[in-house]
Amino acid sequence: MPEAQLVLGPILRRVAGDRATVWVQASRPATVEVRAGGAGGVARTFTAYDRHYALVVVDGLAPGTATPYEVRLDGRTVWPVDSSHPPSVIRTRPVGDGAPTRLVFGSCRRAAQQVHRRFPPDALDAYARRLAANPDAPAPDTLVLLGDQVYADEPSPTVRRWLRRRRRRSRAPAEQVVTFDEYARLYLDSWTDPEIRWLLSTVPSVMIFDDHEVIDDWNTSEAWRTDMGAQPWWHRRISAGLASYWVYQHLGNLDPDALAADPVYRAVTAGGDATDVLADFGARADDERAGYRWSYAFDVGRTRLVVLDNRAGRDLRPGQRAMMAESEWNWLVRTVRDGRYDHLVVGSSLPWLLAPAIHHVEALDERLCESGRRPVARIAERLRRGLDLEHWASFGRSFEALGALFGQIAPATITVLSGDVHHSYAARARMDPPTYQLVCSPVHNELPSAIRPAVRLAWSAPAGRAARALARLGGTPAPGLRWDLVTGPFYENAIGTLVHTGRSGYAAFEGTTLDGGLEALARLDLPGGD
């Protein structure tokens, strides 16, 4: 039998105290061992869809260290594989709360193989190259990837050609993924880029999906779900999309101390082939949208990071639309109200605070869709899908509830990190505690040039007043808070950084240059409250 090979990874995921998790995909069943100095861990792969995965919990890491590690399959070292990058390390925070917290964030990354002359260079590639060239520079505590890590509905040319060959006798879309095998190909396409593979091996990362991990407009409305459910390939697509997301992204989001409590993890590691387990889970997670919590939270120093599911768990019933299921909302309230942190950071793939003109249009569209006047509602639904009117503003009850929740707690700062909209900006809500919206998008994509003037116009006061007047005519109540643009919008491929020191902090946006480097776009001080 051939020796096990490393197919994908290692990907360093959570680092919590003296423990860390490392994710790998192997070519055959194997025992996976990770050694980091005197620390280490071992796990047996689980098998699903003829593929083999493991999440290894590394125990015994010393505080305040950066320890190189290696990965072994059945006792044979398979990582590191070359010396073109610095050694992959596991960094732990020092004991105590005084060290700064550094989060790097962004969203919307097409694979490097997505060759398109008009695409600027990949910002995550550029960040990886800079970090590799300056190994002594401050490294992030966590890389927060806020959605569209892969594009199931718009894959790279390489994957599209492969799909067309598979589709010769299939009723599925010719150039979109449908099966778990095809999703696995997407992740290989995206994460075998040498710079990205090294970066993910050495910087802890957490992730959350947005719509393109499944399909554009995913769960926009109840009517959308009805239309998609009529497609003969849809149920395979959503089951495979959620199952593959759990394996490739969500599994690594889990706290190493809480893995045994996750019902899916227990089932796939119980022995035997886990294909049916994951297929059934993917289908049930879509049918029972409140049945599995994709959101998660953890502390980094004195910063609490709460990452929210903005897609899979939506309540789309007319008159009861909510961005999150009630059970998940109650979990969020409990998570942010305990007060044992200085800074609250909420990861939301969709921006909470949009340009005011866009906010008012989305709020009006939601009201018209639910007006009960069939011709008006039908037109408003078409606009909702065609113009992507699906952010927090189009879930008005949830928009207001989130603002009210923020007003009931008292950290030094609240920051919402988001992506999706293919431009970057910072806004500040007119409320206490100091509350900011930071949007960094895209990492590797683009906003068409023709749309950019409209985005800038939407932030102008006249456009906001005009859109509010239109919304008022439609009977839409005014939002319960106001907010202002602080910096941006920027249209470069970009990466964002959020740093907390004590009870204050700063945010920075960096965009790619034509030669593949990074240049500063803006730096924003985030003074904390008393």
* Do we see a donor-acceptor contact under 3.5 Å between the side chains of Ser190 and Gln149? -> no
* Asked: Under a 4.5 Å cut-off applied to non-hydrogen side-chain atoms, are Ile208 and Leu308 in contact?
  -> no
* Asked: Quick check: does any side chain N or O of Asn134 sit under 3.5 Å from a backbone N or O of Asp136, one acting as donor and the other as acceptor?
  -> no
* Asked: Is Trp162 close to Val177 at the side-chain level, that is, under 4.5 Å between some pair of heavy atoms?
  -> no
* Asked: Please, which pairs that meet side chain to side chain donor-acceptor pair (under 3.5 Å) have at least one residue in residues 506-520, sequence neighbours excluded?
  -> Arg130-Glu510, Thr513-Asp515
* To do: Could you go through the side-chain contact (heavy atoms from CB on, under 4.5 Å) check for Tyr248 and Tyr183 one step at a time?
  => CA-CA 10 Å; Tyr248 284 89; Tyr183 270 101; 6.0 Å; no
* Asked: For Arg321, what residues pass the salt bridge (charged side-chain N to carboxylate O under 4.0 Å, His left out) criterion, not counting sequence neighbours?
  -> Glu366
* Ignoring hydrogens and angles, tell me if any N or O in the side chain of Trp198 forms a donor-acceptor pair with the backbone of Pro86 under 3.5 Å. => yes
* Using atom types as modelled and distance alone, determine if a side-chain donor or acceptor of Trp483 lies under 3.5 Å from a backbone N or O of Leu354. => yes
* Indicate yes or no for a side-chain donor-acceptor contact from Glu182 to the backbone of Leu163 under 3.5 Å, with no hydrogens or angles considered. => no
* Asked: Of Leu200, Leu251, Val22, Asn253, which meets side chain to side chain contact (heavy atoms under 4.5 Å, CB included) against Arg13?
  -> Asn253
* **pair Glu390-Asn219: side-chain heavy atoms closer than 4.5 Å** => no
* Structure fact -> Scanning both residues in full, the closest heavy-atom pair of Ser221 with Arg384 reads CB-NH2, 3.5 Å
* What orientation do Phe406 and Trp352 show, parallel under 30°, tilted 30 to 60°, or perpendicular over 60°? -> perpendicular
* Asked: Which of these passes ring-ring contact (aromatic ring centres under 6.0 Å, His included) with His250: Tyr292, Trp23, Phe209?
  -> Tyr292
* Atom CG in Asp315, atom CZ in Arg289: separation rounded to 0.5 Å? -> 7.0 Å
* Do side-chain atoms of Arg102 reach the backbone of Asp141 as a donor and acceptor pair under 3.5 angstrom? -> no
* Drop me the distance from Ile414's CD1 to Met431's CE, to the nearest 0.5 angstrom. => 5.5 Å
* Asked: Hey, are Asn310 and Ser348 close enough side-chain-wise for a donor-acceptor pair under 3.5 Å?
  -> yes
* **Sub-4.5 Å side-chain heavy-atom contact between Phe298 and Leu305** => yes
* Applying the salt bridge (charged side-chain N to carboxylate O under 4.0 Å, His left out) test to Arg109, which of Asp193, Asp210, Asp148, Asp189 qualifies? -> Asp193
* To do: Keeping the roles fixed (side chain from Thr21, backbone from Arg14), state whether a donor-acceptor pair exists under 3.5 Å.
  => yes
* Asked: Would you say Glu362's side chain and His391's backbone share a donor-acceptor pair under 3.5 angstrom?
  -> yes
